[in-house]
Amino acid sequence: MTHAAPAATAHTWRPPAPVAPRGTLVVLPGRGEHGPVYERFGRRLSADGYVVHALDTTPRQDAADVLLAVTGVLGAAPAAPVVLVGSDTGALQALGAAARAGGEVPLAGLVLAGTALGAGAPDLDWEAELAARTSCPTHRHTLSRDAEFGRGLLTGPIPAHLLPGDVLPAVPALLLHGAADPLTPLGQVRALARRLPGAALAVVHDGVHDVLNDASHRTTAAAVVQWLERLRADPGLRPILSVEPLAQHRPRPTERRAP
């Protein structure tokens, strides 16, 4: 494949002063999307101290093109850890770029959200596409008013050059997936997670395809932050906090007095 010049446009959110950056995230959007679709995610993660760059990549770009775009936006000294965040076909691009990154990018991990592994959706009208993408009314409204958003692009097969090959990256990965995703069955994502060393799978109950922008976007963003904090503290992802379930308290039966 001939590699065209990578998309140079990046949309960036930085931590508020005087917060020192705790890491760098590069977001790769999915079919029909562009960087500003992830403004809400970028603002939330930057408020927690992370630099977030959302690129305007498209599914036509292969791993080499994406890697060039990522390298360009990171610059010479990005705040570590550097993590690729991909949604839909962007998750496949993140996998491919990480597999061939080598020493070009100081990549520490991956966040793969709503990974596109299914056969593609049938032809959907706009309301059906919105329902497949998100149950968040705010995000539905945002997409409906977005003149740059590409409607009707969830149909058809995944481009062959994006599908995972035999060589997968060895960096830690967090996979986020909706239990009710109508495009990629959860079982396919579980199978992918088993092939990735050090992978964790977080299943969003009742979540649909665009889990970073679904109704539970606060919960998924919090899960990403917790995973990033573990990655910062220990590449082996040693837990920082554990929630211990306590035995349910049962009141003692009333003692009977002797007659």
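- Here the side chains of Arg14 and His53 are in contact, with some heavy-atom distance below 4.5 Å.
- Taking the side chain as every heavy atom from C-beta outward, Pro78 and Val51 never approach each other to under 4.5 Å.
- Side chain of Asp62 to main chain of Asp65: a donor-acceptor pair is present (N/O by atom type, distance under 3.5 Å, no hydrogens or angles).
- Two residues are said to be in side-chain contact when any heavy atoms from C-beta on lie closer than 4.5 Å; Val204 and Asp181 fail this criterion.
- Residues satisfying the side chain to side chain contact (heavy atoms under 4.5 Å, CB included) criterion with Leu237, sequence neighbours excluded, are Pro172, Trp227, Arg230, Leu231.
- Counting heavy atoms from C-beta on, the side chains of Leu112 and Leu196 come closer than 4.5 Å.
- Under 3.5 Å, the side chains of Asn213 and Thr134 contain no donor-acceptor pair of N or O atoms.
- Hydrophobic clustering of Ile, Leu, Val, Met, Phe, Trp and Tyr side chains at less than 4.5 Å, counting indirect connections, keeps Ile158 apart from Leu153.
- In the hydrophobic clustering of this structure, Val83 does not group with Ile240; members are Ile, Leu, Val, Met, Phe, Trp, Tyr whose side-chain heavy atoms approach within less than 4.5 Å, directly or through other members.
- Other residues, nucleotides and ligands contribute over 12 non-hydrogen atoms within 6.0 Å of the CG atom of Asp234.
- The shortest non-hydrogen separation linking Gly114 to His209 is O-CE1, 3.1 Å.
- A donor-acceptor pair is defined here as one N or O able to donate and one able to accept, closer than 3.5 Å; no such pair exists between the side chain of Thr89 and the backbone of Gly30.
- Checked by atom type and distance alone, the side chain of Glu129 never pairs as donor or acceptor with a backbone atom of Leu124 at under 3.5 Å.
- For the residue pair His139 and Asp210, no side-chain donor N or O sits within less than 3.5 Å of a side-chain acceptor on the partner.
- At least one donor-acceptor pair closer than 3.5 Å links the side chain of Asp214 to the backbone N or O of Ser135.
- Residues Leu95 and Pro164 come closest through the heavy atom pair CD1-CG, 4.3 Å.
- The closest side-chain heavy-atom distance from Pro15 to Asp48 is not below 4.5 Å.
- Proximity of Leu212 to Val85: side-chain heavy atoms (C-beta onward) are separated by under 4.5 Å at one or more points.
- Looking at His161, its side chain does come within 3.5 Å of a backbone N or O of Pro59 through a donor-acceptor pair.
- Leu55 is listed as a side-chain neighbour of Val70, based on a closest heavy-atom distance under 4.5 Å.
- In Asp123, the CG atom is not crowded: 12 or fewer heavy atoms of neighbouring residues, nucleotides or ligands sit closer than 6.0 Å.
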Steps toward side-chain contact (heavy atoms from CB on, under 4.5 Å) verdict (His177, Val211): CA-CA 6 Å; His177 207 78; Val211 287; 5.6 Å; no
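- For the pair Ala116 and Leu92, the tightest heavy-atom approach, listed with the atom from each and the gap, is O-CD1, 3.1 Å.
- The closest donor-acceptor contact from the side chain of Ser87 to the backbone of Pro29 lies at 3.5 Å or more, if one exists at all.
- Checked options Thr57, Asp56, Asp146; the residue passing with His34 is Asp146 (criterion: side chain to side chain donor-acceptor pair (under 3.5 Å)).
- Distance alone, capped at 3.5 Å, is enough to place a donor-acceptor pair between the Gln61 side chain and the Thr58 backbone.
- Checking His11, Glu33, Arg43, Arg44 one by one against Tyr38, the side chain to side chain donor-acceptor pair (under 3.5 Å) holds for a single residue, Glu33.
- Hydrophobic clustering (side-chain heavy atoms under 4.5 Å, transitive across Ile, Leu, Val, Met, Phe, Trp, Tyr) groups Phe41 together with Leu174.
- The neighbour count for Arg195 CZ, taken as heavy atoms of other residues, nucleotides or ligands under 6.0 Å away, is above 12.
- Residues Pro159 and Arg60 form no side-chain contact, since every pair of their non-hydrogen atoms from C-beta on lies 4.5 Å or further apart.
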